[in-house]
Protein chains: 2
Amino acid sequence: MVKYQNDPLSTTFQALADPTRRAILARLALGEASVGELAEPYAMSLPAVSKHLKVLEGAGLLARERDGRVHRCHLEPQAMRAAADWIAEYRRFWEAQLDQLARYLEHSPTPLSRIKENSDEPGEPET
Amino acid sequence: MVKYQNDPLSTTFQALADPTRRAILARLALGEASVGELAEPYAMSLPAVSKHLKVLEGAGLLARERDGRVHRCHLEPQAMRAAADWIAEYRRFWEAQLDQLARYLEHSPTPLSRIKENSDEPGEPET
DNA sequence: TTGATATTTAACCATTTGGTTAAATATAGG
DNA sequence: CCTATATTTAACCAAATGGTTAAATATCAA
């Protein structure tokens with residue numbers, strides 16, 4: 001009865017909304033790796049990592065080639081591009097906004113306090 | 001006992017992983033709007049939209065100024081930039097990959113069939 | 001004060017998510 | 001064939017998600 005999301009872009013963003021999965025992608029940007037190798041850095045169980053991989057695969061961000069009993073995983077670039085493209089549509093808008101912010105900060109007599117309390121968690125990049 | 005995600009980047013991607021919320025952001029890129037105006041295009045109830053707005057606000061993608069009883073919502077660019085920055089780290093990698101794909105397609109005698117069946121849902125942009 | 005309008009809060013529900021452990025499957029190598 | 005290794009599947013669980021309806025809150029305006 002409830003409506004759930006399964007469109008490709010939602011699936012991609014959903015896949016990116018987990019730090020473990022983002023870390024796995026970061027690892028794979030360095031080169032392909034087996035499931036065991038990908039799981040090694042994490043405290044969680046192998047089935048948990050296996051699930052993460054399936055989510056990434058379902059989002060089209062990762063693909064694998066089976067080589068005997070080892071699955072070699074590698075990045076699949078196209079889905080990431082779709083996400084990047086979506087965000088890029090807003091680029092001009094938010095760059096203009098950030099320019100305004102920068103100008104405000106430069107000319108304002110009381111620079112930081114008002115901005116700080118008005119902007120919820122700026123949020124800096126991560127792994 | 002279980003580990004849940006609350007880091008800013010995960011929160012942002014999570015917020016983007018819903019078509020209604022992306023449509024709301026798209027609407028706000030055209031200019032600020034009240035909650036009622038934002039809710040109008042959707043079949044869902046007002047509380048449902050209100051929840052979506054709170055998610056976007058919690059992700060730092062949206063802010064509002066209360067003007068009497070009407071809340072005027074507008075985009076907040078910084079969180080989106082953090083997400084864009086994260087994806088951009090992979091840009092060089094997947095652009096190289098896509099170049100390879102393009103070259104493959106150009107030189108291959110059987111161009112589309114193998115690619116099609118190997119890449120889960122390419123996924124084109126959306127609202 | 002009374003009533004309409006704008007929006008949120010509360011309580012509820014079903015599905016999804018991210019994890020677990022235990023068991024199954026497949027392959028590699030004596 | 002037997003056993004170790006690589007990985008997935010199954011069954012389960014608690015919390016989060018996306019929706020609902022009904023009630024609360026706040027403001028405007030007569």
Side-chain angles (χ1 to χ4, degrees), chain A residues 1-25 27-28 32-59 61-74 120, chain B residues 1-25 27-28 32-59 61-74 120:
Chain A
M1 198 187 256
V2 199
K3 185 202 152 203
Y4 296 91
Q5 346 293 153
N6 61 338
D7 62 295
L9 206 43
S10 296
T11 306
T12 303
F13 280 128
Q14 179 63 45
L16 294 176
D18 180 287
T20 302
R21 287 195 292 261
R22 288 197 305 279
I24 287 173
L25 293 177
R27 165 68 185 79
L28 287 178
E32 60 169 23
S34 71
V35 174
E37 284 164 358
L38 289 173
E40 193 268 332
Y42 305 105
M44 73 188 73
S45 69
L46 207 52
V49 173
S50 185
K51 280 192 187 180
H52 280 305
L53 295 181
K54 221 173 322 190
V55 170
L56 290 169
E57 211 173 3
L61 290 161
L62 175 152
R64 51 180 103 189
E65 279 145 48
R66 228 179 122 169
D67 181 19
R69 58 187 163 180
V70 36
H71 300 209
R72 303 225 128 259
C73 304
H74 59 90
D120 293 20
Chain B
M1 197 188 258
V2 199
K3 187 201 152 205
Y4 294 90
Q5 346 293 150
N6 61 339
D7 63 293
L9 207 41
S10 296
T11 306
T12 302
F13 280 128
Q14 180 62 45
L16 294 176
D18 180 286
T20 303
R21 288 194 292 262
R22 289 198 305 280
I24 288 173
L25 293 177
R27 165 65 186 79
L28 287 177
E32 60 169 22
S34 71
V35 174
E37 284 165 358
L38 290 173
E40 193 269 331
Y42 305 105
M44 73 188 73
S45 68
L46 208 51
V49 173
S50 185
K51 278 191 186 177
H52 280 304
L53 295 180
K54 221 172 326 190
V55 170
L56 290 170
E57 209 173 2
L61 290 161
L62 174 152
R64 52 180 104 189
E65 279 145 46
R66 225 178 125 172
D67 181 20
R69 59 187 162 177
V70 35
H71 300 209
R72 301 226 129 258
C73 304
H74 58 91
D120 293 21

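Every chain is numbered from 1, with letters handed out A, B, ... down the list of sequences. Quick caveat: nothing in here was measured; it's all calculated off a predicted structure.
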5' precedence on DNA chain C between B:Val35 and A:Ala48 (nearest-nucleotide basis): B:Val35
For atom NZ of A:Lys51 and atom P of D:dA10, their distance in whole Å: 11 Å
Below 4.0 Å: OP1/OP2 of C:dA26 and any side-chain N or O of A:His71: no
Phosphate OP1/OP2 of C:dT7: any B:Arg66 side-chain N/O under 4.0 Å: no
Heavy-atom closest contact (B:Ser10 atom, A:Pro19 atom, distance): OG-CD, 3.2 Å
Interatomic distance, A:Arg21 CZ vs C:dT16 P [rounded to whole Å]: 15 Å
Base of C:dT7 paired with side chain of B:Arg69 (donor-acceptor, under 3.5 Å): no
Rounded distance in Å - CZ (B:Phe13) to P (C:dT17): 17 Å
Closest-nucleotide 5' rank along DNA chain D - winner of B:Asp67 and A:Leu46: A:Leu46
Protein-nucleotide distance (A:Asp18, atom CG; C:dT17, atom P), rounded to Å: 11 Å
Under-4.0 Å side-chain N/O to phosphate OP1/OP2 contact, A:Ser50 with D:dT7: no
Shortest non-hydrogen contact between B:Leu61 and B:Ala15, atoms and distance: CD1-CB, 3.8 Å
Closest listed nucleotide, where the reference is the side chain of B:Arg64 and the choices are C:dT9, C:dG18, C:dT7: C:dT7
Check ion pair B:Lys51-B:Glu57 (N to O, under 4.0 angstrom): no
B:Thr11 side chain vs B:Asp7 backbone, donor-acceptor pair below 3.5 Å: yes
B:Lys54 side chain near C:dT7 phosphate (N/O to OP1/OP2, under 4.0 Å): no
Rounded interatomic separation in angstrom, taking CD from A:Glu65 and C1' from D:dA6: 17 Å
Among D:dA4, C:dA11, C:dT20, the nucleotide that comes nearest once only the side chain of A:Met44 is considered: C:dT20
Stepwise side chain to side chain donor-acceptor pair (under 3.5 Å) test for B:Glu65 and B:His71: CA-CA 6 Å; B:Glu65 279 145 46; B:His71 300 209; over 6 Å; no
Sugar-phosphate, base or nothing in reach of A:Arg72, heavy atoms under 4.0 Å: nothing
Gap between atoms CG and P, on B:Leu38 and C:dT7 respectively (whole Å): 9 Å
Proximity to the side chain of A:Ser45 - top-ranked nucleotide from C:dG18, C:dA26, C:dT20: C:dT20
